[in-house]
2 protein chains.
Amino acid sequence: MVVSVQIAPPEFDPLFGALADHTRRDIVRRAISAEEGVLELASHYPMSFAAVQKHVAVLERAGLISKQRVGRRSVVRTNLEALLVARRLLDQYEELWRARIDRMNELIAETDGAIDTVETKESKR
Amino acid sequence: MVVSVQIAPPEFDPLFGALADHTRRDIVRRAISAEEGVLELASHYPMSFAAVQKHVAVLERAGLISKQRVGRRSVVRTNLEALLVARRLLDQYEELWRARIDRMNELIAETDGAIDTVETKESKR
DNA sequence: CACTGATACAACCATATGGTTGTATCAGAG
DNA sequence: CTCTGATACAACCATATGGTTGTATCAGTG
């Protein structure tokens, strides 16, 4: 049975787009274990506070992080679910790959014990 | 023991960047199971041949696909390894997440059966 | 060789992206 | 209320990106 997969709808664009920048990936990593405000986050990178703020906004739009007001700071924390969504897509690709290998093996097995495949082809002309 | 992970080096930028476009993701998907030339690929999308060609080039630079000359066509085929590289990074994030949960549970367990943590703190002043 | 299918690549354009600085808002501390 | 730490957001700039059209190369076919 084929696993007809729904792939590549545009919803994934912002998700992978957000992950396509090393600063943003590092923010995601930090926000997994730490509980830092935007200002604290910004201190780790060689760019302005506003730039980091924009990266955080991109990540937030992609659903990869969410901000929560804690006192005067807004704490950034990573959203596991979004990471899993991305991973699942890659898993599906891998699954497709395996399926293709399986199909190829089947073909080889068939052709292997049945030379009449060729005969059929030849009897056609 | 902490699993000090090396994350977010810039090498991943083109990889995720390539995946951040639905047309390109669809090309990757198609190139997993089919063996199409660039022209055949292009026929699936509502854009010029040259545009698809550029997408293919982006994917190639990211290592996600490779082209192989077959007769006059250049057949596009997906590179599983690159997909796995991307997936492994997401796996590491997930691992970090689990590690954090574990640490939190440990903390809770400690605080739970040991009120002397507070006592120590108070005996300090 | 001439022809043509398939690809490659350059030039160009509009918009998106990643960075900057400057100003405005918002929530606690005094 | 005032002051200030922390954040938000607008305006701007340079470069990257995704698309176009046009031209050049490259490999088989007749």
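Chain identifiers are assigned alphabetically (A, B, ...) following the order of the sequence lines, protein sequences preceding nucleic acid strands; residue numbering begins at 1 within each chain.
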Open item on the list: Can you tell me which nucleotide in dT7(C), dT7(D), dG19(D) comes closest to the side chain of Arg73(A)?
Closed with: dT7(D)
TODO: Give a yes/no on whether any side-chain N or O of Ser48(A) is located under 4.0 angstrom from OP1 or OP2 of dG19(C).
DONE: no
TODO: For residues Gly63(B) and Ala82(B), report the shortest heavy-atom separation together with the two atoms involved.
DONE: O-CB, 3.3 Å
Task: Check ion pair Asp91(B)-Arg88(B) (N to O, under 4.0 angstrom) - done: no
TODO: Nearest 0.5 Å please: distance from the CD1 atom of Ile27(A) over to the CD atom of Glu60(A).
DONE: 11.5 Å
Task: Atom-pair distance (CE on Met47(A); C1' on dA14(D)), nearest Å - done: 16 Å
Open item on the list: To the closest 0.5 Å, what do you measure between CZ (Arg100(A)) and CD (Glu35(B))?
Closed with: 5.5 Å
Task: Counter-base of dT2(D), judged by Watson-Crick or G-U geometry with both distances under 3.5 Å - done: dA29(C)
Task: Distance-minimising heavy-atom pair for His44(A) and Glu36(A) - done: NE2-OE2, 2.9 Å
- [ ] Describe the nucleic acid contact of Arg72(B) in one word from base, sugar-phosphate, nothing, applying a heavy-atom distance below 4.0 Å.
- [x] base
- [ ] Starting at atom CG of Asp13(A), determine the distance to atom C1' of dT15(C), rounded to an integer number of angstrom.
- [x] 15 Å
Expected rows: protein N/O vs nucleotides 8-10 of chain C N/O, under 3.5 Å:
from   : atom 1 : to       : atom 2 : distance (Å)
dA8(C) : OP1    : Lys67(B) : NZ     : 3.1
dA8(C) : OP2    : Lys67(B) : NZ     : 3.3
dA8(C) : N7     : Gln53(B) : OE1    : 3.0
dA8(C) : N7     : Gln53(B) : NE2    : 3.3
dC9(C) : N4     : Gln53(B) : NE2    : 3.4

Task: Sidechain N-carboxylate O distance under 4.0 Å for Asp26(B), Arg30(B) - done: yes
Task: For dT21(D), the Watson-Crick or wobble counterpart (both distances under 3.5 Å) - done: dA10(C)
